[in-house]
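The chain is numbered in sequence order, starting from 1. Numbering of ligands and ligand atoms starts at 1, following listing order.
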Amino acid sequence: MLVMAEPDSLVLDAADALVRLAKVTKSFGDQVVLRDVDVDVYAGEVVVLLGASGSGKSTLCRCINRLESIDSGQIVIDGKVLPEEGRDLARLRADVGMVFQSFNLFGHKTVHENITLAPVKIRGISKSDAAKRAHDLLERVGLAHKAKAYPAELSGGQQQRVAIARALAMEPKVMLFDEPTSALDPEMINEVLDVMTELAAEGMTMLVVTHEMAFARRVADRVVFLDRGQVVETGTPAEFFTKPRTDRARDFLAKILTH
Ligand SMILES: Nc1ncnc2c1ncn2[C@@H]1O[C@H](COP(=O)(O)OP(=O)(O)OP(=O)(O)O)[C@@H](O)[C@H]1O
Ligand SMILES: [Mg+2]
């Protein structure tokens with residue numbers, strides 16, 4: 001919900017954050033990897049998470065899915081605090097679709113099976129409904145003709161589009177992307193970014209880790225910049241890319257934009 005703050009400015013009502021990280025801290029051994037991290041992702045918003053290698057981007061994504069536990073703070077998904085374990089965790093986890101750098105498809109299953117497996121087993125939907133949904137999703141990512149293929153028979157870009165379709169088949173409330181194009185040959189990057197751009201245009205709530213700065217500028221509603229486990233800046237892409245406020249962000253941009 002949009003709330004009028006002052007006549008000329010709109011602010012988002014904090015209560016509506018679909019994903020909220022509040023004061024999240026996470027260490028591996030004595031290394032603090034996330035320190036007091038506050039991040040909100042609102043319904044329909046695309047947030048791009050930027051930061052140097054090792055700044056904690058993947059860890060942040062993995063904490064949202066409880067692939068990693070947190071030491072303190074809170075993660076709230078659609079108003080519910082992410083529990084440590086149990087059935088409630090499984091349910092909330094199913095609301096969060098995740099696409100990784102490596103495609104993680106089941107190699108011994110066809111594309112169709114990859115997409116229908118979890119909706120049938122975890123969401124409990126009928127095989128015929130799952131099949132219909134898989135067909136629609138494959139059309140959406142331009143791969144309807146590959147339903148019977150095995151992952152090894154697909155290009156990297158195609159595999160990643162199947163991975164996106166597979167995540168969407170669970171009807172998640174939010175999609176996390178952790179460097180979805182980093183393992184791809186250059187000519188395949190755009191076909192994946194195009195699918196993500198379409199998803200964003202359709203209103204999917206997305207948290208995206210990417211080094212594709214043109215994509216970030218074009219598609220992000222907001223950029224969150226992490227440095228050594230801390231959120232150092234957050235703002236619109238226009239603000240962040242043209243007027244970074246901190247030296248750390250300026251350094252980061254200088255490095256990444258001269259590549
Ligand atoms: N399972 C783990 N055990 C110990 N240390 C870890 C583990 N996972 C990550 N780390 C450390 O946590 C820090 C943050 O790692 P993370 O993978 O979140 O960074 P990143 O921002 O995603 O980096 P990149 O851009 O290279 O993917 C790094 O110093 C990393 O070595
Ligand atoms: Mg990473």
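Residues with a heavy atom under 4.0 Å from ligand 1: Phe28, Gln31, Val33, Ala52, Ser53, Gly54, Ser55, Gly56, Lys57, Ser58, Thr59, Glu179.
Under a 4.0 Å N-O distance rule, the pair Arg140/Glu202 qualifies as a salt bridge. Salt bridge Arg123/Asp95: present, at least one basic N to carboxylate O contact under 4.0 Å.
Residue Leu253 is grouped with residue Val219 when hydrophobic side chains (ILVMFWY) are merged at heavy-atom distances under 4.5 angstrom, including chains of intermediate members.
Alongside Val76, the hydrophobic cluster contains Val81 (criterion: ILVMFWY side chains under 4.5 Å).
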Indicate every side-chain donor-acceptor pair of residues 24-39 with a distance under 3.5 Å to a residue at least two apart or in another chain.
| unit_1 | atom_1 | unit_2 | atom_2 | d |
| --- | --- | --- | --- | --- |
| Thr25 | OG1 | Asp36 | N | 3.0 |
| Lys26 | NZ | Ser69 | O | 2.8 |
| Asp38 | OD1 | Lys23 | N | 2.7 |

Next item on the list: Determine, stepwise, if the pair Val47 / Met206 fulfils side-chain contact (heavy atoms from CB on, under 4.5 Å).
Entry: CA-CA 6 Å; Val47 172; Met206 295 164 51; over 6 Å; no
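Side-chain contact between Glu179 and Lys57 is present, with heavy atoms from C-beta onward closer than 4.5 Å. Side-chain contact check for Met170 versus Pro119: some heavy-atom pair is nearer than 4.5 Å.
Inside a sphere of radius 2.8 Å centred on the Mg ion (ligand 2), the protein N/O/S atoms present are Ser58 OG.
A cation-pi geometry, defined here as NZ or CZ lying under 6.0 Å from the six-membered ring centre and within 45° of its normal, does not hold between Arg245 and Phe225.
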